[in-house]
Every structure is written in structure tokens, then in C-alpha cells.
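Here's the structure, in C-alpha cells; my notes come after.
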Amino acid sequence: MEVRLNISHYTSLILLVALSALCACSEQKEHTAKAINPEDSVSVMISYGINTLVSDSGVMRYRIVAEKWEVNEIKNPPRWFFPRGLFMEQFDEKFHVETYIQADTAYNYTQQKLWHLIGNVRVKTVDGLRFQSEELWWDQNRHELYSNVYSHVVTPERELEGAYFTSDEHMRHYKVTNTKGNFIREEEKGSEPATAANDTTPVAKRSPAKPNLPQINR
């Protein structure tokens, strides 16, 4: 019996099988990661060894010195974060230093123009006022400084401490509630300082203008 093979059909069959195998090998499974939520996003800029001038409304108003500066415009609200401490100088209109500020940690919520200083907060003005607390809020829209925790204020005329502090941002007009301390009256200069009675003057205690977050992520 004579068997005849159709070579053209046989060759086509081999090519079809080889092509199918090649396509199967070339297909790769797509691997996709989960979407990154805004609250999980990393800082868009991280700088080290910062010593820079910062302007406000086109006027140079601050000098910032920090070991680490993180800028994140994705988080809500956008913020600057100084996790390793902050030293700041505030200038007046003539570019003279008015105030020195330092803290262990600092946040600046840029859209709200709100600073939150945490840990060993120290403020010193050219007028001789020294402020010390563990927390201080600086609302640049209201031009106010305030703290809801224990604060210690020392000036050339008096020394006060209390549970709540509020002031203008130049620290020339300030109030401290539930205070105790010493001060010298003008007519008594040269004599022993008089002891001030506890200040019970009611002051409206403002809640800090915190960012719109359930809690601050440090």
C-alpha cells in the first residue's frame, strides 16, 4: 500500500503549533500594586542641612534652620514637617530680627498658614521676653500665638507661669491665665519684688485651629 503525505499541509500544521506555543510564552500576567492613598503618600521633597530665607506675601520675613525638612503637598492638608528640630528667626519690615523661635518638632500647614511647634518650645524677643512651653500654635492669619499647656514667661519686669497663653505674634501683648509669679511695680523699683496674686482674670480659651484631620500624623 502506498502512503502519500501532503508536505504543505504537514508544514502548515507544524508552524501553527509553534506559533501557538510562542504566543502562550509571550503572554505575561500583569502585576499591579494597590492604589496609593493620599494619607500613605511620601513627601515630595526631603532636604537636609537647611538654612534658608522664607518670604511672606513677597516680603522676606523668616530664616529657617533645620536638620531635616519634608515638604508634602499631597497630604490633606499640605504641610511642611521638621522632625529633627527647627530654629527660626522672624524679621520686621526693615529686616531686623524681632524674634527667635526653636522647637524639637514643627509642622507648618501651608494653606492654613498655621504652625504647630512641639517639644522644648523656646521663644525670645529683642525686647527681652522669654517664653517656654511644650507646645505652641502660631496662627499667621490671625497674627496670634497661643498654647493650651503650661507656659512660662519671663520679662525684665516680671516672671509668670500658667495653664494657658495667648499673644500677638510679636509677643508685645500677651495674657496668661491662672498665673503666679513675681513682678516689680514702677513705684517699687529698688525694693524687693512683690509677689503677684494668682491671676483669675477670665480669658476666653480658644481651641487651636487644628488642621482638618482626625489626628496629626507625626
Side-chain angles (χ1 to χ4, degrees), residues 61-62 64-66 77 79-90 92 97-189 191-218:
R61 298 304 301 270
Y62 316 103
I64 290 177
V65 180
R79 68 198 64 183
W80 296 350
F81 177 38
F82 302 88
R84 299 181 184 175
L86 170 73
F87 175 81
M88 182 189 303
E89 291 179 339
Q90 181 182 5
D92 62 13
V97 177
E98 275 191 328
T99 308
Y100 303 91
I101 301 173
Q102 69 180 48
D104 289 345
T105 306
Y107 294 85
N108 179 17
Y109 299 95
T110 52
Q111 289 186 352
Q112 295 164 288
K113 301 187 72 174
L114 179 67
W115 284 88
H116 186 196
L117 310 174
I118 307 169
N120 292 313
V121 181
R122 303 289 187 272
V123 180
K124 183 179 180 181
T125 71
V126 293
D127 297 329
L129 180 144
R130 288 179 292 154
F131 170 89
Q132 177 181 343
S133 183
E134 286 301 309
E135 182 179 58
L136 183 66
W137 293 86
W138 179 7
D139 190 334
Q140 292 177 289
N141 287 320
R142 295 176 177 265
H143 305 288
E144 290 181 346
L145 295 163
Y146 48 89
S147 177
N148 283 330
V149 301
Y150 168 82
S151 301
H152 187 195
V153 179
V154 179
T155 73
E157 294 80 24
R158 66 180 67 189
E159 180 175 353
L160 299 172
E161 57 187 65
Y164 178 71
F165 171 85
T166 182
S167 168
D168 68 298
E169 62 185 1
H170 302 289
M171 282 206 169
R172 296 193 179 101
H173 306 284
Y174 58 89
K175 294 179 182 178
V176 185
T177 61
N178 300 322
T179 63
K180 59 181 179 179
N182 297 325
F183 66 94
I184 301 176
R185 297 191 181 94
E186 283 292 327
E187 65 272 15
E188 295 179 352
K189 283 186 177 180
S191 61
E192 290 296 322
T195 301
N198 285 352
D199 181 5
T200 57
T201 304
V203 177
K205 194 171 183 179
R206 284 188 51 227
S207 297
K210 292 184 178 180
N212 299 321
L213 287 175
Q215 62 180 5
I216 297 174
N217 298 319
R218 300 185 182 178

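What you see is a predicted model; the values in this text were computed from it and never measured. Side-chain atoms are counted along with the backbone in the values below, which use heavy atoms only and exclude waters and symmetry mates.
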Distance (rounded to the nearest 0.5 Å) between Leu129 CG and Glu157 CD: 9.5 Å
How many angstroms lie between atom CG of Leu136 and atom CH2 of Trp115, to the nearest 0.5 angstrom? 11.5 Å
List the residues meeting salt bridge (Lys or Arg N to Asp or Glu O under 4.0 Å) with Asp127, not counting sequence neighbours, and say none if there are none. Arg172
So [Y] and [X], do their side chains get closer than 4.5 Å, heavy atoms only?
X      : Y      : value
Ser133 : Val149 : yes
Thr105 : Phe81  : yes
Trp137 : Asn148 : no
Met171 : Val123 : yes
Glu134 : Tyr150 : no
His152 : Glu159 : yes
Leu145 : Tyr174 : no

Can a donor-acceptor pair be found, under 3.5 Å and without considering hydrogens, that links the side chain of Ser147 to the backbone of Glu135? yes
Is there a donor-acceptor contact under 3.5 Å from the side chain of Asp168 to the main chain of His173? yes
Output field: ring centroids Phe131/Trp138 closer than 6.0 Å: no
Residues passing the side chain to side chain donor-acceptor pair (under 3.5 Å) test with Trp80, sequence neighbours excluded, are none
Would you find more than 12 non-hydrogen atoms of other residues, nucleotides or ligands less than 6.0 Å from Arg130 atom CZ? no
